[in-house]
Amino acid sequence: MNEQVIHKLKVLAESAKYDVSCASSGTSRRNIKGGLGNTVSGWGICHSFSEDGRCISLLKIMLTNYCIYDCAYCINRISNDIPRATLSVSELVELTIEFYRRNYIEGLFLSSGVVRNPDYTMERLVRVAKDLREVHRFNGYIHLKSIPGASEELVREAGRYADRLSVNLEIPTEENLKRLAPEKDHRSVYQPMRYIQQGILESSEERKKYRYAPRFAPAGQSTQMIVGATSETDKDILNVSSSLYQHPTMKRVYYSGYISVNTYDKRLPALKQPPLVRENRLYQADWLLRYYQFKVDELVNDDVPDLDLEIDPKLSWALRHPEFFPVNINTADYEVLLRVPGIGTRSAKLIVASRRFSRIGFYELKKMGAVIKKAQYFITCNELPEKTIHELGSTAVRKLLLPKPKKVIDERQLTLDFSE
């Protein structure tokens, strides 16, 4: 690997780090005598997780960080004076294979700035995936970022080689998207999403008839929205997510707390740090929509348009609806158990399965993974709880469950005066 490619790798990995579709980490751990393997803090290597919980190392990189667009929220906008680089198709393919052979990575996460036009850029991304699959017989994971506005032909070709395709929505409402990125619109984003959906559904039907028919983007598609760059409420964001999840091929919506990379642009808010707590609450609410059978209007509405930053959305809902509790653990349906703070999907399934053989108490709940500290105010079981939400009231329960404030530590260092 020559110095020129290494320089390009540094520049393009730095430009790719703001895409949160896979969580980046930069740890380094050398192998020791008697140990097995090592972790390399290489540029552009990030960690993602598969459905079965395995941690997968990916080369997270851009094909180029040149871009014809001037999006206010993007570090790679055309008006920014930053180091620029472009990898050729062959350089990126060789880089991926070299990292794979050294066991640094198990796959590739590839995005790109838009050069010339969407189709030209998309065609180069497809060539990378095609060469990896057909020339080098690469069987690792490939995630391609589809370019908004790319043709159906190129998107369909990409789906034949990539495990997952994604198109970033970026801004939830078109009005605010037009304000920050005048060259873009939602139609150019939703159109490739429809192409991907059609390809996946057609492939699924074809494989029912022909067992060895080629698969199309078998890991589905995903998208990303920026949180905090515009005036949208959590209700607006979650409504968009909920509508996207109505499509069977949409596997994940990612939320990226806005980072002030272009502080000179007055259209953007002046944030000292990214809204990470809000981002976390949105992920928690997203989980409730996908796995806990909640609806958006149960978590946020016109009266409460934003999620509570102090407590998680499930606990917030429970405190607003004390009439739903307490829930009898030994008789409640699975769907009802999912509404109890401190009880997750795994715990709820274990409760339903176990209570056929014996009555369940606090000890058994704890062994099943339930968070008793939260759940005790919302349930009844074999042992009677001291007090439920009805005896204490929502305000008192909230105070009991609020995280304790951390002690303020004076970080100023003592200085010694040696002048005397």
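Sequential numbering from 1 along the given sequence is applied to the chain's residues.
Few gaps surround CD on Glu174; more than 12 heavy atoms of other groups in view lie less than 6.0 Å from it. By the neighbour-count criterion of 12 heavy atoms within 6.0 Å, atom OH of Tyr334 is densely surrounded, having more than that number from other residues, nucleotides or ligands. Counted within 6.0 Å of CD on Gln4, heavy atoms from surrounding residues, nucleotides or ligands total 12 or fewer; the atom is thus considered open. Remark: Arg179 CZ is packed, more than 12 non-hydrogen atoms of other residues, nucleotides or ligands lying under 6.0 Å away. Residue Asp302 places its CG atom among 12 or fewer non-hydrogen atoms of other residues, nucleotides or ligands, all under 6.0 Å distant. Around atom OH of Tyr264, more than 12 heavy atoms belonging to other residues, nucleotides or ligands sit under 6.0 Å away. No more than 12 heavy atoms of other residues, nucleotides or ligands shown are found within 6.0 angstrom of NZ on Lys373. Enclosure of atom CD in Glu206 by more than 12 non-hydrogen atoms of other residues, nucleotides or ligands within 6.0 angstrom is indicated.
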With salt bridge (charged side-chain N to carboxylate O under 4.0 Å, His left out) as the criterion, how do Asp306 and Arg281 come out once you've worked through the C-alpha distance, each side chain's angles and the decisive distance to 0.1 Å?
CA-CA 10 Å; Asp306 291 307; Arg281 294 290 180 245; over 6 Å; no
Going through the checks in order, is the side chain to side chain contact (heavy atoms under 4.5 Å, CB included) test met by Leu307 and Ser316?
CA-CA 8 Å; Leu307 297 168; Ser316 177; over 6 Å; no
Can you list the steps and then say if Arg156 with Glu152 is a salt bridge (charged side-chain N to carboxylate O under 4.0 Å, His left out)?
CA-CA 6 Å; Arg156 292 211 170 223; Glu152 181 176 4; 3.2 Å; yes
Can you check side chain to side chain contact (heavy atoms under 4.5 Å, CB included) on Met225 and Val240, steps first, answer last?
CA-CA 10 Å; Met225 287 187 280; Val240 173; 3.9 Å; yes
Residues Arg194, Gln197; criterion side-chain hydrogen bond (donor to acceptor under 3.5 Å, both in side chains); working and verdict
CA-CA 5 Å; Arg194 282 191 284 270; Gln197 178 178 318; over 6 Å; no
Begin with the C-alpha distance, continue with both residues' side-chain angles, and end with the deciding distance and a verdict on side-chain hydrogen bond (donor to acceptor under 3.5 Å, both in side chains) for Thr223 and Asn168.
CA-CA 5 Å; Thr223 190; Asn168 283 355; 4.7 Å; no
Walk me through whether Arg127 and Asp131 qualify under salt bridge (charged side-chain N to carboxylate O under 4.0 Å, His left out).
CA-CA 6 Å; Arg127 279 176 55 198; Asp131 284 1; 5.5 Å; no
Take Asp308 and Arg320 through the test salt bridge (charged side-chain N to carboxylate O under 4.0 Å, His left out) and record every step on the way to the result.
CA-CA 12 Å; Asp308 194 323; Arg320 294 198 308 269; over 6 Å; no
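The minimum heavy-atom distance between Ala158 and Leu144, with the atom names listed, is CB-CD1, 4.1 Å. Across Asn2 and Val5, no two heavy atoms sit closer than the pair OD1-N, 2.8 Å.
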Can you give me every donor-acceptor pair (side chain of residues 271-278, partner residue at least two apart or in another chain, under 3.5 Å) with its distance?
| unit_1 | atom_1 | unit_2 | atom_2 | d |
| --- | --- | --- | --- | --- |
| Arg278 | NE | Asp234 | OD1 | 2.7 |
| Arg278 | NH2 | Glu232 | O | 3.0 |
| Arg278 | NH2 | Asp234 | OD1 | 2.9 |

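Between Leu365 and Ile329, the closest side-chain pair of non-hydrogen atoms falls below 4.5 Å.
Side chain of Ser354 to main chain of Leu350: a donor-acceptor pair is present (N/O by atom type, distance under 3.5 Å, no hydrogens or angles). Side chain of Arg207 to main chain of Ala213: a donor-acceptor pair is present (N/O by atom type, distance under 3.5 Å, no hydrogens or angles). Remark: side-chain polar atoms of Lys251 are not paired, donor with acceptor, to backbone N or O of Gly220 under 3.5 angstrom. Side-chain atoms of Arg133 do not come within 3.5 Å of backbone N or O of Arg160 as any donor-acceptor pair.
Between Tyr73 and Tyr258, the distance from one ring center to the other does not fall under 6.0 angstrom.
Inspection of the Thr233 and Asp236 side chains reveals an N or O donor paired with an N or O acceptor under 3.5 Å. Counted by atom type alone, Ser166 and Lys145 present one or more donor-acceptor pairs between their side chains at under 3.5 Å. At a cut-off of 3.5 Å, with distance as the only test, no side-chain donor of Ser241 or Asp286 sits close to an acceptor on the other residue. Judged purely by distance below 3.5 Å, without hydrogens or angles, the side chains of Glu134 and Tyr161 pair a donor atom with an acceptor atom. In the model, Thr249 has a side-chain atom that pairs as donor or acceptor with a side-chain atom of Gln221 under 3.5 Å.
By the 4.0 Å N-to-carboxylate-O rule, Asp312 lies close enough to Lys374 to be salt-bridged with it. Under the 4.0 Å criterion applied to side-chain N and carboxylate O atoms, Asp265 and Arg267 are assigned as salt-bridge partners. With respect to Glu298 and Lys295, no salt bridge is recorded, no charged nitrogen being found less than 4.0 Å from a carboxylate O.
Between Trp317 and His321, the two ring planes are parallel [angle under 30°; tilted spans 30° to 60°].
For the side-chain contact (heavy atoms from CB on, under 4.5 Å) criterion with Ser112, the lone passing option out of Leu12, Asn65, Leu63 is Leu63.
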